[in-house]
*Asks:* 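Below you will find the structure I want to go over with you.
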Amino acid sequence: MPSRPLPARRTTLGIAAAASVLALTVTTPAHAQPNALASHGRSSTAHTLHRVTRASLEWGVNAIYQGGNPANANCNFFSAGTQKEFRPARGHVRVIHRMPDGTAQGVSGATKCVPGGPGTRLSQRVLFTEGTGRADRATGQATIRWRGAFTANAYGGLVTWYLKDPTLTVARDGSGTLTATGGGTGADRNDPEQQTEVPPRRVTVAAFDRVRLDRTTDRGGGAQISPRFSGVDYFPLVDGVRSTTSAIPDAIKKAKPEWGSWPESFVDLQYETGLSSYWHTSGLSADPDKPPYDLSVRFGSAPEIRNVPVIRANPATTATAPYVEGRDLVIKADARHATTLQWERATSANGPWSPVDGATGESLTIQALDSSWNGTYVRLAATNPAGRAVSAALRLSTAPYAAPVFSEQPHDLAAIQGTDAAVTFRVTGNPAVDPKAVALERSSDAGATWKPWTEARYGGGAGQFTIPAIPLTADGDLARVRAANTEGTTVTSAPFSVRVFPATGRPQLVVVPDEPVDPSTPTRLTVLGAGFDVPDWASPTLTYSLDLGLFDAAVWQPGQQGTRAWIATSPQTRGGQLYHDALRASGGAFTVSLTVPAGRLEPGGDYGIGAFLRLTDIETWRDTFDNRSLDAWTPVSVSPR
């Protein structure tokens, strides 16, 4: 989950509620009110069954879904409807924020992650209105249904689940349930971009006790209902069969008397979304945030929602951070239905905030930006007679102007024909380099003329080009990198050489530089490999990898039993191994560095880089080296005395 929100106490929302026995109250109007609770039958004294025509249901799920972010990073946000894209309202469903004073106001896509007050609590609620049904004042029975849906977007929308058409049922003994049609998308924690649909089904969202119908005045009424959690156990489904082992270990139950779970069918649904233990005690730090919030039910008119200004776009600028000091910086936002606007600044996204002098429009212009703005947050506050809305905060970072420069020059390129070759470098400056203005160039006439290396692909980031399946015709060329910042100022790297070694079509090793090693000093070598088509797993527990190291020729040669008695291996391997999956992904090619230690080689001795297959049993971690199919060797010459 995103950063864990602060624990939030349950909040009474200005709706009638009893202290010891929560009362689900039904209005019996003194005068005919067709939009409130209408009597059903010949008279209200002869019959106690009443028709509910305007009931509302308000809910915030739990504290996990209240982690706001005033800087507008991802939050667990609600949306009206069954889609993950934010919608503030759909049909009889609306997303609102409860403010510190208990009032409610609308939410926009720009403010959905902005807390409703100081701190990090989002205070978001979903509000269902126009609920209908039947309620019996004498027996306490009631059934109320709402139409519509809301979606809860976890991880900023990577995992979504929705509840549709909820039904509140109260029995004679005061027990009851809230049921709804639930569905959504499931995601693998190891690959969250791969999502699958969770089929919709009817689930019990909340179960509760001691709720009774009661008389109230003609001004309407309602209740705040506390769902059961503490002491509720959960036994997960395993291959479609209900397990007899609780998902909450006994040790946790003993250590946490408040342990509990949401209703079984709802947690089953969440195990399919991948959120699983976020709906029952697990012993982890998020446990205090898991219990459900109270359900707030109201009869008669729906809660008043203040129509504060709508923030349609949060603060943004076309400049690239860090912003250049000494220049003007223009920041824009978009607010509708506001009578006054005021830009504010603070040293933290959580405030405290102070007004920026003279900044009362949708644009904030900071003239001759200086370092005093570095690390500062700015936001737009919009006000109208209904109240105040604030945008998300934009953090400013500043730095002096710096022309682009290669802080790390590209090195000479060496590769085996047909493998993917990489050119790495680093360009720094302010403003930053424009990724669209970075090019790799090559020269076949010793630098007299240059042309783009059109096959090269730029990977961005710190700076890397990949040349797929580098051709042998590039051997002997020169190359260089040209880059420009966002203002068009250009810088060119020093030229570097390109060496391409012919592919043999067999497991192949190449060492550069290919000059004799001085045994008295540490020497860094680059080892290229190609043609290492590592076999797939021999069984579910037996996996192949490739061992690589510097050997004394008397210790190992191709055709002999593999050994780990190398003189040195690459720090880019793990225990001398290049793993199955990485080699499969690269097509059996690799480039690693290896340092020859000083004093370990005999002058004029016979040494080389060797590679061979290792077979590992992942149950016993026993290694064997019997497969000779990928044995490879390339000599390393050593200077004589």
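Excluded from the calculations below are hydrogen atoms, water molecules and symmetry mates; all remaining heavy atoms, backbone and side chain alike, are included. Predicted, not measured: the structure shown is a model, and the values here were computed from it.
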*Asks:* Between Lys290 (side chain only) and Ser277 (backbone N and O only), is there a donor and an acceptor less than 3.5 Å apart?
*Replies:* yes
*Asks:* Does Thr616 reach the main-chain N or O of Ile618 with its side chain, forming a donor-acceptor pair under 3.5 Å?
*Replies:* no
*Asks:* Working to the nearest 0.5 angstrom, can you tell me the gap between Glu197 CD and Glu272 CD?
*Replies:* 10.5 Å
*Asks:* Are Ser246 and Asp233 close enough, and set up right, to give a side-chain hydrogen bond (donor to acceptor under 3.5 Å, both in side chains), and what steps lead you there?
*Replies:* CA-CA 7 Å; Ser246 171; Asp233 214 336; 2.5 Å; yes
*Asks:* Side chains of Ser79 and Arg87, heavy atoms from C-beta outward: is any pair under 4.5 Å?
*Replies:* yes
*Asks:* Could you tell me whether the side chain of Trp59 and the main chain of Tyr293 form a donor-acceptor pair under 3.5 Å?
*Replies:* yes
*Asks:* Using atom types as modelled and distance alone, determine if a side-chain donor or acceptor of Thr466 lies under 3.5 Å from a backbone N or O of Arg457.
*Replies:* no
*Asks:* Can you give me the closest heavy-atom contact between Pro288 and Ser285, atom names plus distance?
*Replies:* CD-O, 3.2 Å
*Asks:* Closer than 4.0 angstrom, basic N to acidic O: yes or no for Arg499 and Asp412?
*Replies:* no
*Asks:* I'd like to know if the side chain of Thr504 and the backbone of Arg506 have a donor-acceptor N/O pair within less than 3.5 Å.
*Replies:* yes
*Asks:* Would you find a donor on one side and an acceptor on the other, under 3.5 Å apart, between the side chain of Thr281 and the backbone of Gly260?
*Replies:* yes
*Asks:* Find the distance between CZ (Phe532) and CZ (Phe612) and round it off to the nearest 0.5 Å.
*Replies:* 11.0 Å
*Asks:* If you measure from the Lys or Arg side-chain nitrogens to the Asp or Glu carboxylate oxygens, is any gap between Asp581 and Arg584 under 4.0 Å?
*Replies:* no
*Asks:* Could you tell me whether a side-chain N or O of Ser570 sits under 3.5 Å from a main-chain N or O of Ser593, the two making a donor and an acceptor?
*Replies:* yes
*Asks:* Quick one, Val527 and Phe590 - any side-chain contact, counting heavy atoms below 4.5 Å?
*Replies:* yes
*Asks:* Does Leu613 offer a backbone N or O that forms a donor-acceptor pair with the side chain of Asp547 under 3.5 Å?
*Replies:* no
*Asks:* Does Gln417 use its side chain to pair, donor to acceptor, with the backbone of Ala503 at less than 3.5 Å?
*Replies:* yes
*Asks:* Within a reach of under 6.0 Å around CD of Glu602, are more than 12 heavy atoms found that belong to other residues, nucleotides or ligands?
*Replies:* no
*Asks:* Classify the ring geometry of Tyr234 against His280: parallel below 30°, tilted from 30° to 60°, perpendicular beyond 60°.
*Replies:* parallel
*Asks:* Within the side chain of Gln124, is there an N or O that forms a donor-acceptor pair under 3.5 Å with the backbone of Phe78?
*Replies:* yes
*Asks:* In the structure I gave you, are the side-chain heavy atoms of Leu528 and Thr419 within less than 4.5 Å of one another anywhere?
*Replies:* no
*Asks:* Are Ile467 and Leu413 close enough that some pair of their side-chain heavy atoms sits under 4.5 Å apart?
*Replies:* yes
*Asks:* Count the heavy atoms belonging to other residues, nucleotides or ligands that lie under 6.0 Å from CZ of Arg242, then report whether that count exceeds 12.
*Replies:* yes
*Asks:* Do you see a donor-acceptor pair shorter than 3.5 Å between the side chains of Arg202 and Thr167?
*Replies:* yes
